[in-house]
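Taking it in order: structure first as structure tokens, then the write-up.
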Protein chains: 2
Amino acid sequence: MILIDYKSRKPIYEQIIDSIKSLIVSGVLERDDQLPSVRQLAQELAINPNTIQKAYGELEREGVIYSLKGRGSFVGSGIQELRMVQQQELIEQIFEISGELCELQVPQQEVCAVVQRAYEQEKGGLNP
Amino acid sequence: MILIDYKSRKPIYEQIIDSIKSLIVSGVLERDDQLPSVRQLAQELAINPNTIQKAYGELEREGVIYSLKGRGSFVGSGIQELRMVQQQELIEQIFEISGELCELQVPQQEVCAVVQRAYEQEKGGLNP
DNA sequence: TCAGTGTACTATAATAAATAATACAGATAA
DNA sequence: TTATCTGTATTATTTATTATAGTACACTGA
């Protein structure tokens, strides 16, 4: 469900944030679904509970989840907004990288061909 | 020539590495051109000489530059290879991000439209 | 000779990240 | 009620990386 890359430069708590956002946006986690408890997830991932706490705290601060003392943490109501934000961030990255590729004299149609390959691979991997 | 973003998560020495690679690939620096000396660049950027030394050492280890004791550091002969490596890295990023955008249901043609916008802006900014 | 080069080395400081260990308040089921 | 699960807060410590500071040495070329 959530995989941690200890060799990554990205901190563990950020990897957890990104993973949970991804699970929400992809529909695996739906509105008001309960997340694993701080201690349980910490045990599953074999990391410190404080690290989970930090991730959950940030997710709540962003409005992605909400937490009830004594109850647990749950998926918030801003899924659509979250999806749009994530789309916009990725689009922005595509834009910047494309600019660099243009500087490097890579033909535009070649970049679009790569985009197409990615889409074909992604769609080919659905419902096998 | 080289700008340092102190707020960036990327370490200064890596920013220097990337900047010099960019200057080489873009043609500003050509083969056997002399780079600023360790101490001079450190003074210009107002950072520690050891940080420059680390960057230059890594660039030499990668074969991007070569250094002669008592002489200075110079652009190496692998410009074409460097350019291809950089292209390949960016292409790989495009591929991965496109996969994520596909998962997020963003139409393929919309991504390609962004690529096109980036190319138009880039080319429009040439020789004004 | 002398100023400028790369290079090496040790030590220290600064920062962020992660861990460790508690503690407390609220919720819920036995 | 009690026990156990939740989230939350707090402090201290460890670890790793980065950057700085200072020094030293060998080489080059004017």
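Taking a 4.0 Å limit (strictly below) on heavy-atom distances, residues 29-39 of chain B reaches DNA chain C at Ser37(B), Val38(B), Arg39(B). Heavy-atom distances under 4.0 Å link DNA chain D to Ile47(B), Asn48(B), Asn50(B), Thr51(B), Lys54(B) of residues 47-66 of chain B, given in residue order.
The CD1-C1' distance, from Ile4(B) to dA19(D), rounds to 12 Å in whole Å. In this structure, Arg9(B) atom CZ and dT15(C) atom P are separated by 17 Å, rounded to whole Å. Taking atom CD1 on Ile12(B) and atom P on dA14(C), their separation rounds to 15 Å, with Å as the unit. dA3(C) atom P lies 18 Å from atom CD of Gln40(B), rounded to whole Å. Regarding Gln43(B), its CD atom lies at a distance of 15 Å from the C1' atom of dA3(C), rounded to whole Å. Regarding Lys7(A), its NZ atom lies at a distance of 14 Å from the P atom of dT17(D), rounded to whole Å.
Here Arg71(A) reaches the OP1 or OP2 of dT28(C): one of its side-chain N or O atoms lies under 4.0 Å away. Checking the phosphate oxygens (OP1, OP2) of dA18(C), no side-chain nitrogen or oxygen of Tyr13(A) falls inside 4.0 Å. Between dG7(D) and Ser67(A), no contact under 4.0 Å exists linking OP1 or OP2 to a side-chain N or O.
Out of dT18(D), dG26(C), dT7(C), the shortest distance to the side chain of Pro11(B) is found at dT18(D). Nearest to the side chain of Ser73(A), among dT18(D), dA18(C), dG7(D), sits dG7(D).
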Ile97(A) and Ile97(B): CA distance, side-chain angles, deciding distance, side chain to side chain contact (heavy atoms under 4.5 Å, CB included) verdict: CA-CA 10 Å; Ile97(A) 297 171; Ile97(B) 298 171; 3.7 Å; yes
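A salt bridge links Glu58(A) with Arg61(A): at least one charged nitrogen is closer than 4.0 Å to a carboxylate oxygen.
Formation of a donor-acceptor pair under 3.5 Å by the Gln87(A) side chain with backbone atoms of Leu104(B) is found in this model. Remark: the backbone N or O of Lys10(B) is paired with a side-chain donor or acceptor of Gln15(B) at under 3.5 angstrom. Counting only distance, with no hydrogens or angles, the side chain of Arg83(A) and the backbone of Val25(A) share a donor-acceptor pair below 3.5 Å. A donor-acceptor contact shorter than 3.5 Å links the side chain of Glu60(B) to the backbone of Ser67(B).
The residue among Gln15(A) and Gly70(A) whose nearest nucleotide of DNA chain C is located toward the 5' end is Gln15(A).
No hydrogens or angles considered: a donor-acceptor pair under 3.5 Å links the side chains of Glu44(A) and Gln40(A). Remark: the Gln116(B) side chain and the Glu120(B) side chain contain an N/O donor-acceptor pair separated by less than 3.5 Å.
Within a 6.0 Å radius of CD in Gln43(A), other residues, nucleotides and ligands contribute 12 heavy atoms or fewer.
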